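Below: the structure, in structure tokens.
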Amino acid sequence: MLSIVGCERESGSAAVSRAREIMGTFATLTAIAPDKAMATAAVEAGYARLEDVNRLMSDYAADSEIGRLNRLPAGESLPVSPETFECLQRALEVGRVSGGAFDVTCRPLVALWKSAARESRLPNEEELARVRSLIGTDKIILDAEAGTAARSMYGVQVDLGGIAKGYALDLAAEAMLKAGAAGVLVDVGGDVRAIGTNAADKPWRIGVKHPFQQGIYVVLELSNRAVATSGVQQRFYEIDGKRYSHIIDPRTGRPAEQSPSVTVIAADGLTADAWATVFSVLTIEEGRQLIAGGKTPQLEVMWITGSVAEPIEEKTAGFDSYIVE
Ligand code: AMP
Ligand code: MG
């Protein structure tokens with residue numbers, strides 16, 4: 001996804017936009033504020049929050065809160081920041097509502113498939129069975145009063161890769177508003193949170209990348225919404241010439257075989273990010289049924305399957321209202 005930032009200026013307001021590498025990807029933060037100093041301060045405040053999420057929740061960094069949780073003796077509780085607590089709590093909630101399609105304890109499975117791919121082989125049944133016994137959101141124990149997290153057994157490991165980026169969009173956007181921005185666009189690796197309007201006082205325009213080729217598939221107009229895209233085309237492994245998604249179906253222990261590209265529009269970044277991962281695990285039919293069941297948050301979804309020659313697109317009823325080109 002690429003963000004397209006208007007460069008016209010409304011009089012009495014300034015736009016500042018800065019791109020940086022962070023969270024293993026590229027980010028662009030844009031603030032519209034009464035003057036340039038305030039817009040710059042807002043962008044910096046946004047980046048500080050992205051840094052916070054990275055420092056607290058990266059599962060690669062052994063000294064992050066998630067890194068420490070993953071090494072904690074079973075049954076022992078770790079006091080965590082309110083941010084990590086909220087992200088974990090909402091992740092478990094998405095897990096529950098999605099019937100287990102979203103599962104932040106998927107890390108041992110992700111690791112198993114990654115190491116098998118490095119050795120150009122598929123994991124065997126024994127390895128899969130052993131690792132699957134470590135999976136399940138019931139194995140993460142949160143205590144809201146104490147502000148702690150624990151894991152119920154040795155080997156259980158958390159991976160917030162499917163949700164933390166979206167949560168980071170929300171924390172950054174909130175900090176930017178607090179610093180005085182009236183319009184905010186936070187783009188982290190193509191997942192975007194848009195608040196208010198752009199420099200031309202119009203809804204923000206965001207391009208969704210084409211799943212099968214270079215360039216943009218559709219342009220969306222968003223205000224006070226977030227959009228996230230997940231899918232096989234984003235990141236994958238190859239074993240024996242076959243592509244495997246980096247998204248695991250926790251119900252089978254195998255890489256998701258669903259839609260090559262899922263784009264979700266929601267009210268906030270965490271919701272868009274987590275649910276884009278959910279709909280990458282579920283079949284389109286399962287996804288539609290789940291939405292029809294009325295338990296999901298308010299979402300619009302676009303699934304793209306098919307091939308370069310013939311992309312096949314399915315959307316929920318309200319998705320088109322965001323498309324401008
Ligand atoms: P996303 O690109 O937002 O769909 O996130 C994908 C990342 O989420 C993967 O790289 C894993 O770190 C993690 N992940 C994989 N499968 C799942 C799953 N079923 N539920 C939650 N997180 C997952
Ligand atoms: Mg996600």
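Counting starts at 1 for both ligands and their atoms, following the listed order. Since the model is a prediction, treat every value here as computed from it, not as a measurement.
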Sequence neighbours excluded, which residues qualify as salt bridge (Lys or Arg N to Asp or Glu O under 4.0 Å) partners of Glu119?
-> Arg121
With sequence neighbours excluded, residues passing salt bridge (Lys or Arg N to Asp or Glu O under 4.0 Å) with Arg225 = none
Using heavy-atom distances, let me know which of Gly162, Pro255, Cys106, Gly161 sits nearest atom 14 (N) of ligand 1.
->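 Considering heavy atoms of Gly162, Pro255, Cys106, Gly161, the nearest to atom 14 (N) of ligand 1 sits in Cys106.
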Winner among Lys114, Arg107, Lys165, His246 once heavy atoms are compared against atom 2 (O) of ligand 1 = His246
Is Arg288 salt-bridged to Glu314, cutoff N-O under 4.0 Å?
->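 Here Arg288 pairs with Glu314 in a salt bridge, since their nearest N and O are under 4.0 Å apart.
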Lys/Arg-Asp/Glu bridge criterion (N-O < 4.0 Å) met for Arg254, Asp249 = no
Think Arg20 forms a cation-pi with Tyr47, using NZ or CZ under 6.0 Å from the six-ring centre and within 45 degrees of its axis?
-> yes
Compute both the distance and the angle, then confirm whether Lys242 meets the cation-pi test with Tyr244: under 6.0 Å from the six-membered ring centre, within 45 degrees of the axis.
-> yes
Distance below 2.8 Å from the Mg ion (ligand 2): how many protein N/O/S atoms qualify?
->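 There are 4 of them.
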Suppose I only count heavy atoms of [X] and a 4.0 Å limit; which atoms of ligand 1 are within that range?
X	answer
Ser230	1 (P), 2 (O), 3 (O), 4 (O)
Thr277	1 (P), 3 (O), 4 (O), 5 (O)
Ile247	4 (O), 6 (C), 15 (C), 16 (N)
Pro250	19 (N)

Val104, any N or O under 3.5 Å of ligand 1 N or O |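 No; every N/O pair is 3.5 Å or more apart.
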Any N or O of Thr229 closer than 3.5 Å to N or O of ligand 1 = no
Which heavy-atom pair separates Ser77 from Leu72 by the least distance, and what is that distance?
-> C-CD2, 4.0 Å
Counting only heavy atoms not in Asn124, do more than 12 sit closer than 6.0 Å to its CG atom?
->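 Correct, the count exceeds 12.
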Would you please name every residue forming a ring-ring contact (aromatic ring centres under 6.0 Å, His included) with Tyr217, sequence neighbours left out?
->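 If we apply the ring-ring contact (aromatic ring centres under 6.0 Å, His included) test to Tyr217, skipping adjacent residues, the hits are His210.
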When you look at Glu127 and Val131, which way does the side-chain contact (heavy atoms from CB on, under 4.5 Å) test go after all the steps?
-> CA-CA 6 Å; Glu127 290 171 312; Val131 168; 5.6 Å; no
Without swapping roles, check the side chain of Asp191 against the backbone of Thr229 for a donor-acceptor pair under 3.5 Å.
->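 Here the side-chain-to-backbone pair exists.
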For ligand 1, the portion of Asp159 having any non-hydrogen atom under 4.0 Å away =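 Side chain only.
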Between Ala101 and ligand 1, which residue portion shows a heavy-atom distance shorter than 4.0 Å: side chain, backbone, both, or neither?
-> backbone
